[in-house]
Structure formats: structure tokens, C-alpha cells
Protein chains: 2
Amino acid sequence: MANEKKSTGEKAIARKKRLTVHDVARQAGVSTGTVSRVINNVPGVGEDVARRVRAAIDDLGWLPNIAAQNIRASTSRMIGFIFSDIRNPLYATMTKGAEGVFGPRGYLLVSSSSDGRMEREVNLIDLFRRRRADGLILTIADEDCPEVRSAIARSGISFVMLERALGDEATSISADHYGGTRQAVEHLKQMGHRRIAMITGGRGTLVMRERLRALEDAMAAGKLDPDPDLLRLDSFDAEYGYQQVQMLMGKKEPPTAILCLGVRLLPGVVSGLQNMGKTFPGDVSLICSNDTETASILTPPITAIRYDAHMLGRMAAAVLLEQIDQKGGKPEVKKFEIPTELVLRESVRRI
Amino acid sequence: MANEKKSTGEKAIARKKRLTVHDVARQAGVSTGTVSRVINNVPGVGEDVARRVRAAIDDLGWLPNIAAQNIRASTSRMIGFIFSDIRNPLYATMTKGAEGVFGPRGYLLVSSSSDGRMEREVNLIDLFRRRRADGLILTIADEDCPEVRSAIARSGISFVMLERALGDEATSISADHYGGTRQAVEHLKQMGHRRIAMITGGRGTLVMRERLRALEDAMAAGKLDPDPDLLRLDSFDAEYGYQQVQMLMGKKEPPTAILCLGVRLLPGVVSGLQNMGKTFPGDVSLICSNDTETASILTPPITAIRYDAHMLGRMAAAVLLEQIDQKGGKPEVKKFEIPTELVLRESVRRI
DNA sequence: TTGTAGGCGTTATCAC
DNA sequence: GTGATAACGCCTACAA
């Protein structure tokens with residue numbers, strides 16, 4: 001009663017006031033507490049009263065303000081997902097996968113692109129801290145960046161690394177890049193290839209480390225000595241692929257096969273080859289990663305290392321939620337890996 | 001003082017309590033109001049006091065809780081963007097563009113996929129209403145769906161339509177699909193084509209209406225009578241493209257040119273052609289929309305209707321923010337269009 | 001210049 | 001069963 005400020009009177013004349021529990025309570029002739037109990041299904045509310053409340057809710061078209069609920073519960077039911085660029089189909093697919101897990105559990109997924117820049121990553125982490133995100137999925141550009149690591153640490157937010165790792169300090173979810181790359185190289189070796197180049201990016205990430213280790217192991221196992229000049233490891237950009245493939249193919253002793261590892265690299269590599277009049281697999285064999293529709297419809301279609309990015313997103317979401325639920329007991333650090341598969345097509349020839 | 005509950009004492013022993021203005025105020029030996037003034041740059045705070053406050057903030061590592069700020073300001077600084085699927089590069093690109101406008105202005109962009117399903121769209125709109133989003137960018141599946149329209153209306157949230165329209169009722173931003181399609185068809189006519197097919201989706205959207213109108217106008221202008229059986233207008237899915245292109249090319253009188261309008265359709269159409277051993281432009285000429293890297297590296301590269309999706313996202317964001325700022329005066333309904341361009345490549349031949 | 005107090009919209013803890 | 005009331009974390013009159 002004391003609460004009936006004049007704003008109620010203004011409502012009709014002034015700009016539409018936002019609806020609150022109070023409006024519903026008044027309309028139903030009950031207290032706000034009762035309204036709250038009804039919408040939260042707290043037992044012990046009279047059936048007729050509940051009916052009246054629900055009628056008032058429908059009548060006014062009220063929906064509880066989640067922000068207010070959250071502030072009381074000191075939670076946000078929001079998860080941040082940070083990666084380089086949503087235009088990369090890999091991240092779009094992971095986002096879609098994660099969304100499918102978070103949505104039904106009442107969490108809002110907020111994906112944001114850092115353009116792979118450290119300051120943006122730090123800003124985004126701080127932003128999620130200000131918004132009191134309940135969790136973070138991180139696919140950062142460089143696992144060793146101290147600024148980013150300290151931003152993560154001071155945020156105090158539960159997080160998992162996706163396609164990245166933080167030593168033994170954090171849970172991570174990734175594809176089996178070692179296995180995938182190893183299988184690709186073994187296939188090339190079987191097809192008679194000895195000079196195998198690799199174009200990729202992601203220095204300072206689990207992904208590059210595993211790919212490199214796989215290549216080295218495979219070469220060593222075949223008693224082939226790797227040529228360091230065949231390694232082009234500085235970027236995932238199409239432009240980089242375009243340049244490097246031409247430099248590689250312009251060498252006196254060009255590679256006979258190229259691993260093109262990174263979704264955006266492939267268009268660059270292919271148009272680089274086209275630009276210098278080289279064909280695949282005639283002039284050079286090609287294996288790409290991840291598999292995409294583009295890879296499958298090029299002429300000829302391209303052999304690819306495939307893994308399920310959608311599943312990766314789902315797993316990251318599920319693992320993170322589990323970790324959030326257990327918050328209190330210190331979270332166990334776990335490592336999850338999903339399998340890869342070599343999709344044989346026509347871009348590799350026997351030599 | 002009365003406020004110093006025992007929780008402060010517990011802090012050391014119990015689970016880490018969240019930081020608040022109170023902690024900072026105590027640490028700096030000032031009141032919470034003063035802390036608030038400092039972080040909000042309200043003039044009239046003693047320089048030494050401000051310094052002490054800032055020191056305390058840094059010391060504790062506190063960041064104001066945006067949720068709490070928002071609940072006071074009755075805003076959320078959050079914008080929802082609803083479309084069918086983030087894996088569609090068009091939406092990913094728009095999202096990126098919009099992010100670039102919202103971020104610097106302190107707004108959080110939340111993109112979510114509806115899978116083009118009406119109930120999902122309604123759920124998402126209600127979700128954004130519960131979260132008190134300040135604005136909505138809508139790329140819904142069907143402009144005429146009454147459930148969705150009423151969800152929009154009852155939400156009371158400022159919104160703009162992106163690549164969609166709501167008659168004269170709402171501001172919309174889109175590419176000039178009429179112009180783009182018209183130009184493509186004129187080009188085909190000039191190259192001697194008379195039987196022009198169109199594969200696309202999006203019934204009930206501005207985009208399809210404009211494309212269809214352009215095709216009809218162009219045919220009429222050339223005194224060609226359109227064959228309704230050459231119109232395949234039921235889906236944007238790759239699978240649909242795969243099927244329909246084969247049905248079209250299997251006809252007694254197949255088309256001599258196909259407009260393949262929809263990013264995901266292209267891989268389907270191309271592999272459909274490959275599957276039946278048809279080539280382009282030998283057996284049929286091809287024009288696609290939007291332009292993608294895939295279109296440019298296929299053999300041969302594909303003539304494409306291009307428009308700037310990134311710009312579309314930026315514009316939608318800018319227009320929406322302007323509309324939000326002016327909230328109070330009823331928002332003017334405006335229509336924005338960005339130009340398209342026909343990128344000539346090698347998938348169209350003269351006949 | 002700084003402190004106090006009330007309120008933003010909700011829920012949980014008391015009483016009744 | 002239901003109704004007051006005190007938080008949640010912050011900002012802003014208003015008072016001092």
C-alpha cells in the first residue's frame with residue numbers, strides 16, 4: 001500500500017511503464033511473494049489463487065525480468081565464447097553446437113570475435129567479468145600470452161579451453177590433430193611422397209603443436225629428413241596460403257604434396273595454384289583440414305582431414321556446465337579429444 | 001554500519017564472496033556513493049579521494065556489476081539478432097559487422113539461430129523480452145507468420161528487419177535484390193539465354209519477392225514468356241539444390257541458364273551437376289548469389305551477384321541504435337538498401 | 001565535497 | 001497458505 005507511488009497513476013498517461021511483479025500482484029489481488037511462488041512452482045499455493053495469478057500474468061503479458069532474477073541469485077545464466085572470427089565456419093559450427101546445449105538449460109551463449117588480437121581477448125574477458133558470465137569457452141590465439149592468462153585468472157570465471165590447452169591447468173576439448181595429421185602424412189608416404197610441405201597457422205596453440213609433432217614423428221618413422229623450408233606456419237589467412245603455396249611451388253625442389261591445414265587457407269592455396277597454372281594432383285598433391293563442402297566440390301575434390309566441429313561445440317558446452325555445477329569442489333582438470341577421419345578423394349596421386 | 005553483517009567476517013573463511021561497491025568503499029574509507037561517482041566520472045569528487053578509490057579498485061580488482069547497473073537504469077545494453085543459422089556465412093558476416101558497431105557503444109550482441117522454425121523464433125523473441133533486450137535485429141523465416149508478428153508486437157522492443165520487411169510498419173535494411181537479380185537476368189538475355197531457371201528459397205520474404213519480381217520484369221521486357229516449371233522456390237538447403245538442378249536438367253527442354261540464389265544452394269547445385277555428368281557453362285550457364293570464395297575458385301569460377309553482408313550488419317546495427325536513442329518520439333519507418341554488383345566470371349556462355 | 005537512503009525487479013525468510 | 005520485508009549490487013536525489 002505504502003508502495004503505491006503516483007507512478008501507478010501516471011502509467012495511463014505517461015510513457016508505458018515496464019511491467020513488474022507488483023502489477024501482476026495488484027491485478028491478481030495477492031502479494032508479490034505469491035506471484036513469485038506461482039511462476040517458480042513453489043508448492044503450497046492455493047489452486048484458486050494460482051489460477052488468479054496466472055490469469056493476471058496472461059492478461060498483462062508479463063514475463064519476469066531475468067536480470068532481476070539473476071541479481072538475486074548472483075548468477076547471469078550467460079556463457080561467453082571467445083574466438084578469432086565468427087566468419088570462420090569452424091567457429092560458427094562450434095557456436096551452433098554449443099547453443100544447442102546451453103539453450104535448453106537456460107543459458108545464453110554470447111559468441112564474440114577477437115580477430116585473434118590479444119587486447120581484444122583481454123577486453124572481452126573483462127567484459128564477460130563485468131557482465132558476471134557464469135562460464136567461458138576460450139579459443140584464444142596464443143596460449144602463452146601472459147596478459148590473456150592473467151585476465152582469465154583474475155576473472156575467476158569457470159572456463160574450458162576449446163582447441164586450445166593451458167598445460168595441466170585447465171580442462172580442454174579438442175580434435176585429435178595429432179592423429180589426423182599423422183594419418184594424412186602416412187597416407188602421403190604410402191603414395192610415394194617424400195617432400196611434404198605444411199601450410200598452417202596458430203603458433204602457440206595446441207593445434208599447431210600436435211600437427212607439427214605428428215609430421216615430425218611420421219617423417220622420422222619413415223626415415224625421411226624433414227626440410228624446414230617446407231614448413232610455412234605463420235597464418236591461417238587465405239592471403240597467406242595464396243602467397244606461400246606459390247613460394248613453395250616456385251622452389252627449385254618443390255614439395256610433391258602439401259598439407260593445407262586451416263579452413264580459410266584452402267581457397268588461398270587453390271587460387272595460388274591456379275594463378276601460377278599449377279594443377280592438383282598433377283603438379284602437387286593436396287590434403288586439407290577441416291573438411292568443407294568447398295573441398296568436396298572442387299575439381300578434383302580434395303582429400304581432407306575431417307572432424308566434427310559441431311560435436312566439439314556441444315562437448316565444450318556440456319563439460320563447462322558440468323564444471324559450473326560442481327563449482328565449490330575444485331574442478332578436476334580433464335582432457336577430451338574427438339576423433340578425426342581421413343576422407344580420401346582425388347587430390348592425392350601416387351608418385 | 002548497520003549494514004555490516006557477519007558475512008564480511010565470514011568472507012575470509014567461507015567461499016569467496018563476490019566483490020561489490022561496499023568492499024571497495026570500505027577499503028578506500030569512503031561511502032559507496034563516492035565509489036560510484038568515481039567510476040562514473042561524476043564531477044565534484046576530491047582528487048585525493050578519487051585516487052584512494054581508484055587504488056582500492058585496482059587493489060581488489062573490482063569491476064562494477066553491469067547487471068546491477070542495468071537493473072537500475074532499466075536497460076540491458078544487449079541486442080538480440082535472430083536468423084536461421086549462424087553457419088550460413090551471410091549471417092556470420094552480418095554478425096561480425098554488427099558486432100563492430102555495438103561493441104564500441106557498450107552493447108552486447110547476442111546472435112541466435114532459429115533453424116528457420118517459427119516456434120524457435122517466437123521462443124527467442126520471448127527470451128529476449130525476458131532478458132529485457134534493448135533492441136532486436138530480425139531476419140525471420142516468414143514475414144507473414146502471425147505468431148511471430150505478435151511475439152514481436154507484444155515484446156515492445158525496438159527492432160529493425162534485416163533482409164526482411166514488414167510492409168510499412170517497420171524499418172528495414174536489405175540488399176537491392178531486385179537490382180541484382182535484374183542485372184543478372186539482363187546479362188543472361190544478352191548472352192542469348194531464353195530459358196532461365198531459378199533455384200532459391202525464402203517464401204514469404206522480401207528477398208524472394210524482389211528476386212521473383214526482377215525475373216518476371218526482365219522476362220516481360222524481353223517479351224519472353226516465363227516457364228513456371230523453371231522456378232524452384234522452396235528451400236535454401238544444399239540438398240534442395242542438389243535435387244532440383246537434376247530435375248531441371250533432366251527435363252525434355254532443360255534451361256540454358258540457372259540462377260542459384262542462396263549461399264548454401266551452390267554446393268548442392270554444383271555437385272548435382274557433377275553427379276549427372278553435366279558441366280557448366282557447357283551444358284548450362286550458372287549465376288550464383290551471394291558471391292563467396294567458393295564461387296571464385298570453382299572450375300570454372302562462377303559469375304555472381306555480390307553484396308556486402310558486412311556492411312548490411314553494420315547498417316542494421318547503426319540504424320537500430322539510432323532508433324533506440326530516439327525512443328519516445330515514435331520511430332520513423334525507413335527503408336535502407338545497399339547496392340549489388342554482378343561479378344562476371346566464366347560460368348556463363350553465349351548461346 | 002561527501003554520506004545516507006531509497007529504489008530498480010525479483011526471491012527467500014519470516015511471521016501470521 | 002499468504003503477506004510483509006529484507007536482501008542482491010548499484011546509482012542518484014537529497015541532506016549535511
Side-chain angles (χ1 to χ4, degrees), chain A residues 1-8 11 17-26 28-53 56-57 60 62-77 129-132 134, chain B residues 1-8 10-11 17-53 56-57 60 62-77 129-132 134:
Chain A
M1 308 256 149
N3 220 4
E4 289 206 335
K5 316 143 305 175
K6 66 179 195 308
S7 64
T8 303
K11 188 164 138 190
K17 238 0 251 78
R18 299 199 179 296
L19 289 173
T20 75
V21 250
H22 295 98
D23 300 304
V24 176
R26 193 176 320 119
V30 298
S31 74
T32 59
T34 300
V35 176
S36 173
R37 281 180 274 251
V38 170
I39 61 170
N40 292 300
N41 293 313
V42 176
V45 180
E47 193 40 55
D48 46 341
V49 176
R51 228 188 312 277
R52 258 178 24 237
V53 169
I57 290 175
L60 298 173
W62 172 74
L63 288 181
N65 184 331
I66 294 192
Q69 294 180 320
N70 286 344
I71 206 175
R72 277 242 28 178
S74 65
T75 175
S76 62
R77 301 233 117 200
R129 182 150 74 104
R130 285 204 298 275
R131 296 231 176 215
R132 301 297 188 269
D134 292 325
Chain B
M1 306 256 150
N3 220 3
E4 290 206 334
K5 318 141 306 175
K6 68 179 195 306
S7 63
T8 302
E10 283 173 13
K11 188 164 139 191
K17 229 30 224 77
R18 297 201 182 295
L19 288 173
T20 76
V21 250
H22 294 97
D23 300 304
V24 176
R26 193 178 318 117
Q27 166 103 354
V30 299
S31 75
T32 59
T34 300
V35 175
S36 174
R37 279 177 274 245
V38 170
I39 60 170
N40 292 301
N41 293 312
V42 176
V45 179
E47 192 40 56
D48 46 339
V49 176
R51 229 188 311 278
R52 271 200 344 262
V53 170
I57 290 174
L60 298 173
W62 173 74
L63 287 181
N65 184 331
I66 293 191
Q69 294 180 319
N70 286 344
I71 205 175
R72 275 237 37 190
S74 64
T75 176
S76 62
R77 302 233 118 203
R129 181 151 75 101
R130 284 204 299 274
R131 296 228 176 216
R132 300 299 188 268
D134 292 325

| task | Under 4.0 Å between any heavy atoms, over every strand shown, what does Ser36(B) touch: base, sugar-phosphate, or nothing? Just pick one. | result |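 Since a base atom lies under 4.0 Å of Ser36(B), the category is base.
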| How is Asn40(B) classified with respect to the nucleic acid when contacts are heavy atoms under 4.0 Å: base, sugar-phosphate, or nothing? |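 Here Asn40(B) touches the backbone only, sparing every base.
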Roughly how many Å is it from [atom1] in [X] to [atom2] in [N], rounded to a whole number?
{"X": "Ile39(B)", "N": "dC10(D)", "atom1": "CD1", "atom2": "C1'", "answer": "8 Å"}
{"X": "Arg18(B)", "N": "dC8(D)", "atom1": "CZ", "atom2": "P", "answer": "13 Å"}
{"X": "His22(A)", "N": "dT10(C)", "atom1": "NE2", "atom2": "P", "answer": "8 Å"}
{"X": "Ile71(B)", "N": "dA7(D)", "atom1": "CD1", "atom2": "P", "answer": "17 Å"}
{"X": "Ile66(B)", "N": "dC8(C)", "atom1": "CD1", "atom2": "P", "answer": "21 Å"}
{"X": "Arg130(A)", "N": "dG9(D)", "atom1": "CZ", "atom2": "C1'", "answer": "16 Å"}
{"X": "Gln69(B)", "N": "dG9(C)", "atom1": "CD", "atom2": "P", "answer": "16 Å"}
{"X": "Arg77(A)", "N": "dT10(C)", "atom1": "CZ", "atom2": "P", "answer": "17 Å"}

| request: Please answer whether the main-chain N or O of Val21(B) pairs with a side-chain N or O of Thr32(B) as donor and acceptor at a distance below 3.5 Å. | output: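 Answer holds: no.
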Quick one: [atom1] on [X] to [atom2] on [Y], what's the gap to the nearest 0.5 Å?
{"X": "Trp62(A)", "Y": "Thr20(A)", "atom1": "CH2", "atom2": "OG1", "answer": "8.0 Å"}
{"X": "Asn70(B)", "Y": "Arg131(A)", "atom1": "CG", "atom2": "CZ", "answer": "5.5 Å"}
{"X": "Gln69(A)", "Y": "Arg77(A)", "atom1": "CD", "atom2": "CZ", "answer": "10.0 Å"}

Which atoms of nucleotides 1-3 of chain C (N or O only) lie under 3.5 Å from a protein N or O atom, and what are those distances?
| unit_1 | atom_1 | unit_2 | atom_2 | d |
| --- | --- | --- | --- | --- |
| dT2(C) | OP2 | Gly46(B) | N | 2.5 |
| dG3(C) | OP2 | Ser31(B) | N | 2.9 |
| dG3(C) | OP2 | Ser31(B) | OG | 3.1 |
| dG3(C) | OP2 | Thr34(B) | OG1 | 2.7 |
| dG3(C) | N7 | Arg37(B) | NH2 | 2.7 |
| dG3(C) | O6 | Arg37(B) | NH1 | 3.0 |

Pairs under 3.5 angstrom only: tabulate donor-acceptor contacts from the side chains of residues 33-43 of chain A to other protein residues two or more places apart or in another chain.
| unit_1 | atom_1 | unit_2 | atom_2 | d |
| --- | --- | --- | --- | --- |
| Thr34(A) | OG1 | Ser31(A) | OG | 3.4 |
| Ser36(A) | OG | Asn40(A) | ND2 | 3.4 |
| Asn40(A) | ND2 | Ser36(A) | O | 2.8 |

| request: Inspect the contact between Arg26(A) and Asp23(A) and indicate whether a charged nitrogen and a carboxylate oxygen are less than 4.0 angstrom apart. | output: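 Yes, this pair counts.
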